[in-house]
Participant: 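Take a look at the following structure, please.
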Amino acid sequence: MGTASFFLHQFLLADDNLGFNTLLQKAYIFHFVFSLSVIIAFRLLSKSEKIFVQLGFVYIGLLVFKIAAYTAMCYPQLMGDEHLPRFYRASLLIPVFVFLCLEVFFVSKILQRE
């Protein structure tokens, strides 16, 4: 779903701005790797009953860390230090919501199963 979202996102933007396309690609890769890591870690940690009861709090902490790390990675573009139209700045938030939905879906499945 993330890959389809990336290609659809690039197609709909239809922009030849190579700098923005590279930034968009980095954003999708960052969110993919982070979300996959979270899901794998939760799958492994859900086997331990002692840790399982705290996984919801762990997820909230990881979500805050993910947003902080993404903001740090894209700080010049998101905060206006580097000239980028508002439409493109807002467009950088699409991967956040796509992968957040996927993460929540899989994490809730892991937590409900036990």
Side-chain angles (χ1 to χ4, degrees):
M1 186 166 168
T3 305
S5 173
F6 171 70
F7 287 118
L8 181 64
H9 196 169
Q10 271 194 325
F11 175 75
L12 291 177
L13 285 177
D15 191 11
D16 293 335
N17 185 351
L18 191 58
F20 182 74
N21 287 340
T22 304
L23 183 63
L24 189 63
Q25 185 178 14
K26 284 181 185 178
Y28 273 95
I29 290 171
F30 171 80
H31 288 291
F32 172 75
V33 169
F34 198 92
S35 295
L36 185 63
S37 301
V38 166
I39 292 168
I40 290 171
F42 270 56
R43 183 83 172 125
L44 295 174
L45 292 174
S46 69
K47 296 179 192 298
S48 169
E49 189 63 37
K50 195 175 192 180
I51 297 173
F52 180 78
V53 295
Q54 300 298 322
L55 283 180
F57 296 112
V58 170
Y59 181 69
I60 292 171
L62 285 173
L63 186 62
V64 170
F65 176 74
K66 176 183 174 180
I67 292 170
Y70 181 66
T71 303
M73 183 180 88
C74 296
Y75 185 80
Q77 292 83 8
L78 288 175
M79 300 305 164
D81 292 346
E82 189 175 299
H83 180 66
L84 193 62
R86 285 184 190 214
F87 175 75
Y88 289 115
R89 256 188 260 159
S91 181
L92 285 174
L93 296 177
I94 292 174
V96 174
F97 296 117
V98 167
F99 284 98
L100 179 64
C101 292
L102 290 172
E103 267 181 36
V104 168
F105 176 77
F106 285 111
V107 167
S108 67
K109 288 289 186 186
I110 290 170
L111 294 178
Q112 285 177 356
R113 188 181 55 233
E114 297 298 321

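Model, not experiment: these values are computed from the prediction.
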Participant: Once rounded to the nearest 0.5 Å, what's the spacing between atom CD of Gln54 and atom CD1 of Ile60?
Facilitator: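 Rounded to the nearest 0.5 Å, the CD-CD1 separation comes out at 11.0 Å.
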Participant: Quick one: closest heavy-atom pair of Pro95 and His31, and the distance?
Facilitator: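 For Pro95 and His31, the tightest heavy-atom pair comes out as CB-CD2, 3.7 Å.
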Participant: Please indicate whether Phe30 has more than 12 foreign heavy atoms, meaning atoms of other residues, nucleotides or ligands, lying under 6.0 Å from its CZ.
Facilitator: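 Yes - once you tally the heavy atoms of other residues, nucleotides and ligands closer than 6.0 Å, there are more than 12.
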Participant: Measuring from Leu55:CG to Ile110:CD1, what's the distance to the nearest 0.5 Å?
Facilitator: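 Going from CG on Leu55 over to CD1 on Ile110, the span is 8.5 Å.
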Participant: Out of curiosity, does Leu36 fall in the hydrophobic cluster containing Leu44 (side-chain heavy atoms, cut-off under 4.5 Å, transitive links)?
Facilitator: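 Same cluster.
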Participant: Using a 3.5 Å distance criterion without hydrogens, assess whether the side chain of Ser108 forms a donor-acceptor pair with backbone atoms of Phe105.
Facilitator: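 Checking the backbone N and O of Phe105 against the side chain of Ser108, a donor-acceptor pair under 3.5 Å is found.
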Participant: For residues 90-99, which residue pairs pass the side chain to side chain donor-acceptor pair (under 3.5 Å) check, not counting sequence neighbours?
Facilitator: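 Pairs touching residues 90-99 that pass the test: His9-Ser91.
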Participant: Below 4.5 Å, heavy atoms only, C-beta onward: do Tyr28 and Leu23 meet side chain to side chain?
Facilitator: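 No, too far: nothing below the 4.5 Å cut-off.
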Participant: Run the side-chain contact (heavy atoms from CB on, under 4.5 Å) test on Phe42 and Leu62 for me, step by step, so that the C-alpha distance in whole Å, both residues' side-chain angles and the decisive distance to 0.1 Å come before the verdict.
Facilitator: CA-CA 11 Å; Phe42 270 56; Leu62 285 173; 3.9 Å; yes
Participant: State, with a plain yes or no, whether a side-chain heavy atom of Tyr70 is found less than 4.5 Å away from one of Phe34.
Facilitator: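 No - every pair of side-chain heavy atoms lies 4.5 Å or more apart.
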Participant: Mind listing the side-chain donor-acceptor pairs of residues 96-104 below 3.5 Å, one per line with the distance, residues two or more places apart or on another chain?
Facilitator:
residue	atom	partner	partner atom	Å
Glu103	OE1	Tyr59	OH	2.8
Glu103	OE2	Ser35	OG	2.6
Glu103	OE2	Lys66	NZ	2.6

